[in-house]
Amino acid sequence: MSTATHPQPTVERPTLSIVKDTPEATVGTVVEHRGKTVRQPWIESQAARLERAKQHALGNRLYVPQAGRGYANLARRWADGWRDDYPQMIQSARTALKDADGDVGEESKLKATVLERRADYRRHKLIYSGKTAAWGSATTVGAAVGVATGGLWVDLALAVAGYVTGVWQGRDRSVATKAPIPGLPASEITLGRGAVTIDELPPGATPFPIGQAQTEHQATLCVLVALHAEGVPVAEVSDMTRQPWGWQCVVRVLEGTPEAIIKAAGGLETRFDLPTNGVRPQPMIERRACAVLRLVSGDPFSTVPGLSYRAPKSQSITDRFRIGTSVGGDPLELSLAGVMGLWVAASGGGKTGILQALAEGTTACYDNITIDLDPHGDGLEDLYDCVRLTARSTEQIEAVLLFFLVMSKARARLRKKLGMGKKWIASPSHPAFTIFFDEFPRATDLAKRLAKALLDVGRKELIVLQIASQGGQKGYLGENFAQMVALAGVGPCKVGDTRAVFGDGAVNEGWLPHRLAAATDTDPKDAGHIYIQGVPGMSDEPIEYKVHETPSATLRKLAAERLAAGLVEPDQDSLEAMRGVDLPEYVEAVYDLDGTLKKEAPVELLTWGQLLRLCDAQPSEAVVTETPAQIVTADAVDVMQKLGLDRMRTETLVTALAEYDPAGYDDLTAEQLKALLKEAGAGSPVQLGALDGEKNPRGYKIEALTPLV
């Protein structure tokens with residue numbers, strides 16, 4: 001409110017007061033309030049405090065139990081000082097001595113350590129006993145003299161002092177005295193096993209190499225000091241365990257995420273005196289503030305088991321099979337049924353070994369057919385004998401991809417008829433297909449387009465594609481589909497590949513395949529090591545795995561066994577259903593309005609038998625069971641394609657077939673050809689227009705015969 005500026009009249013008002021304005025009103029312990037005598041506020045509060053203290057003392061029975069706990073605590077503290085962790089240190093050294101079985105030099109060193117620590121323990125107990133005796137004697141003599149000469153009041157004072165000391169030492173210390181995390185009561189903070197918090201860090205502690213740590217407690221302190229020195233907001237280090245390859249623990253940060261540990265990994269390797277990539281942090285999904293920290297000084301995969309024997313046709317494509325082991329010792333098991341995959345690793349990163357490990361599992365299935373595509377290298381190499389189709393040339397690869405793209409569309413319409421529901425059900429009579437496509441960047445644009453289309457539609461039909469590439473970025477794949485693939489495994493690569501496959505923030509979350517080193521001619525380094533996402537039944541954790549490497553001789557032996565047991569063949573239902581499927585328009589020939597060919601088809605849809613012949617594979621039962629009409633129709637299409645013609649007179653076609661397969665068609669007549677083609681569904685010969693010098697002869701067009709194949 002503003003103050004008035006004009007003069008105000010002076011009015012006489014009586015003085016108002018709750019307390020009488022007399023000197024007596026403010027002196028003493030009472031005042032008058034509305035005619036009543038009351039105590040001063042500070043007197044009231046003092047009385048309340050005294051009453052509460054009285055009730056508290058009586059409620060606790062004059063603190064007698066607490067005094068007893070106090071002297072028990074003092075005795076326990078004396079016992080801890082007597083031991084001073086020496087038994088634990090001696091036991092740790094003895095455990096390390098047992099672990100060094102066979103290493104003579106290390107055994108001698110550790111045995112000397114055990115003897116040295118035992119001697120230190122004996123010396124410590126002698127000194128500690130002397131100190132205890134000296135202090136005990138001085139205290140006992142002083143108290144005895146006071147009791148004997150001081151009288152009743154001195155005795156009472158000594159008794160009270162002893163009683164108060166017991167009460168003070170027995171007070172409740174269960175409530176944490178450390179600063180709690182904001183918003184969380186200190187009593188609710190649960191520390192890990194063997195945890196050491198930042199508040200317990202010894203004053204002036206400096207980092208030291210992890211190799212000097214002999215016990216779990218020393219290793220915990222080593223990690224805590226190093227993290228603090230690198231500026232990591234560490235709250236505690238817990239669950240420290242010794243591993244054959246180094247140390248493993250859990251680190252909890254006080255703020256942010258374990259990203260700070262990942263960023264400091266290089267500096268920590270220097271603090272710990274470890275080799276490059278010796279610090280391997282793995283953020284924990286179930287605890288956002290925590291990460292598993294592995295300090296690796298040896299080979300973490302030196303003790304992993306080898307490949308287990310799988311007999312021919314001993315498993316289903318839906319079964320999980322082991323291909324590797326994690327750095328923590330857990331098995332890497334997966335099933336490729338309905339799972340499209342992308343496998344990225346630089347040259348020397350072990351792609352061939354990874355694909356062979358996967359194909360070793362798929363070729364052992366009784367309900368799966370394995371296909372191998374590679375436009376540049378040797379693909380699955382040692383498993384060649386048990387792979388049903390192997391395609392290397394551009395023509396072969398494009399024909400295989402078109403064939404299975406059309407089959408996937410045919411199966412989508414066939415599932416309901418076969419009573420399978422929403423997904424194809426693999427069985428020996430209706431098998432799945434697993435196609436391995438190595439060196440994907442070297443494929444033609446058409447092959448990449450067909451592969452991308454198959455990635456989109458093949459999953460439900462169990463026609464699965466596993467793509468391998470030296471990089472995961474658009475420049476390698478042609479399209480940014482790396483993160484669209486369900487299963488992704490990445491080995492030694494560039495950091496851009498890590499982000500392209502696992503996401504832009506993957507590095508900060510602990511996905512570090514770019515820190516792996518590719519092999520050289522003389523050093524395998526990290527070849528075959530991967531980080532993987534999308535394994536069915538497993539959570540996506542940024543943990544390093546190593547894929548089991550199998551000797552070439554073993555793979556060749558397995559391939560021969562599986563070939564001898566018989567390879568799985570496609571089902572006739574799928575092959576017949578392909579006849580009614582329209583081809584993608586980008587693989588069809590282009591004609592003008594007059595029916596004149598303007599652009600040839602870049603790739604032709606072949607039958608299964610033709611595809612086997614094109615890829616130099618052994619013929620299957622499907623070819624043997626084809627009728628003569630089907631065989632002659634397929635061969636007629638083949639002849640026209642090889643001659644580059646889209647139509648032929650009947651007599652000319654008979655001659656061409658005889659030249660194509662003299663043993664089969666040497667005695668074929670025009671009438672017999674007409675009958676066979678009519679049986680196959682081609683009908684009678686049609687007018688072809690001007691051809692071979694004739695105005696309008698009759699014969700057959702390739703566009704009418706192709707759908708019948």
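What you are looking at is a predicted structure, and each value in this text was computed from that prediction instead of being measured.
Atom CG of Leu487 and atom CD1 of Ile467 lie 12.0 Å apart (nearest 0.5 Å). A distance of 7.5 Å separates OG in Ser539 from CD in Glu286, rounded to the nearest 0.5 Å. Distance CG/Asp319 to CG/Leu336: 11.5 Å, rounded to 0.5 Å. With rounding to the nearest 0.5 angstrom, the CZ atom of Arg271 is 4.5 Å from the CD atom of Glu230. Atom-to-atom distance recorded for Ile323:CD1 and Lys546:NZ is 13.5 Å, nearest 0.5 angstrom. Interatomic distance, Leu201 CG to Asp199 CG, rounded to the nearest 0.5 Å: 9.5 Å.
The shortest distance between side-chain heavy atoms of Val253 and Val232 falls below 4.5 Å. Contact check for Gln248 versus Leu293: no side-chain heavy atoms found under the 4.5 Å cut-off. In this structure the side chain of Glu236 never reaches within 4.5 angstrom of the side chain of Val196, judged on heavy atoms. Counting heavy atoms from C-beta on, the side chains of Thr550 and Gln356 never come closer than 4.5 Å. Looking at heavy atoms from C-beta onward, Asn508 lies out of side-chain contact with Ile262 at the 4.5 angstrom threshold. When side chains are defined from C-beta on, Glu541 counts as touching Ile285, because their heavy atoms get closer than 4.5 Å. Met284 places a side-chain heavy atom less than 4.5 Å from the side chain of Val250. Arg280 is listed as a side-chain neighbour of Pro300, based on a closest heavy-atom distance under 4.5 Å.
Using a cutoff of 4.0 Å between basic side-chain nitrogens and carboxylate oxygens, Glu269 and Arg515 are scored as salt-bridged. A salt bridge is absent between Arg499 and Asp504: the closest approach of a Lys/Arg side-chain nitrogen to an acidic carboxylate oxygen does not fall below 4.0 angstrom.
Heavy atoms from other residues, nucleotides or ligands lying under 6.0 Å from CD of Gln214 number more than 12. More than 12 heavy atoms of other residues, nucleotides or ligands sit less than 6.0 Å from atom NE2 of His124.
Among all heavy-atom pairs drawn from Phe502 and Pro513, the shortest one is CE1-CG, 4.1 Å. Contact record, Cys249 with Val237: SG-CG1, 4.0 Å, taken as the closest heavy-atom pair. Contact detail for Pro492 and Gly349: the closest heavy-atom pair is CD-O, 3.8 Å. For the pair Val490 and Val501, the tightest heavy-atom approach, listed with the atom from each and the gap, is CG2-CG1, 3.7 Å. Nearest heavy atoms, Ala260 versus Pro233: CB-CD, 4.0 Å. Minimum interatomic distance between Gly348 and Ala527 (heavy atoms only, all atoms of both residues): O-CB, 3.4 Å.
Side-chain atoms of Gln315 come within 3.5 Å of backbone atoms of Gly361 as a donor-acceptor pair (strictly under, hydrogens ignored). A donor-acceptor distance shorter than 3.5 angstrom exists from the side chain of Ser297 to the backbone of Trp245, with no hydrogens or angles considered. Put simply, the side chain of Arg193 gets close to the backbone of Met240: a donor and an acceptor are under 3.5 Å apart. Put simply, the side chain of Gln466 gets close to the backbone of Val339: a donor and an acceptor are under 3.5 Å apart. In this structure, the side chain of Ser129 engages the main chain of Lys125 through a donor-acceptor pair within 3.5 Å. Here the side chain of Gln483 pairs a donor or acceptor atom with the backbone of Ala500 at under 3.5 angstrom.
Applying the ring-ring contact (aromatic ring centres under 6.0 Å, His included) test to residues at least two apart or on different chains, none of the pairs has a partner in residues 317-354. Annotation: side chain to side chain donor-acceptor pair (under 3.5 Å) contacts involving residues 322-338, sequence neighbours excluded, comprise Arg322-Thr325, Thr325-His548. For residues 524-536, every residue pair satisfying the side chain to side chain donor-acceptor pair (under 3.5 Å) rule, not counting sequence neighbours, is listed here: His529-Glu544.
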Please test Trp247 against Glu216 for side chain to side chain contact (heavy atoms under 4.5 Å, CB included), starting from the C-alpha separation and ending with a verdict. CA-CA 9 Å; Trp247 294 93; Glu216 293 179 354; 4.1 Å; yes
Chi angles and distances behind the side chain to side chain contact (heavy atoms under 4.5 Å, CB included) call for Val344, Tyr476: CA-CA 10 Å; Val344 175; Tyr476 287 91; over 6 Å; no
Can you check side chain to side chain contact (heavy atoms under 4.5 Å, CB included) on Leu512 and Asn277, steps first, answer last? CA-CA 10 Å; Leu512 306 173; Asn277 201 28; over 6 Å; no
Evaluate Thr220 against Gln218 for side chain to side chain donor-acceptor pair (under 3.5 Å), listing each step before the verdict. CA-CA 5 Å; Thr220 301; Gln218 292 173 356; over 6 Å; no
Take Thr197 and Val234, measure what side chain to side chain contact (heavy atoms under 4.5 Å, CB included) needs, and give me the verdict at the end. CA-CA 8 Å; Thr197 66; Val234 57; over 6 Å; no
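None of Arg117, Arg123, Arg118 except one satisfies the salt bridge (charged side-chain N to carboxylate O under 4.0 Å, His left out) rule with Asp120; the exception is Arg123.
No side-chain donor from either of Glu116 and Thr113 sits under 3.5 Å from a side-chain acceptor of the other.
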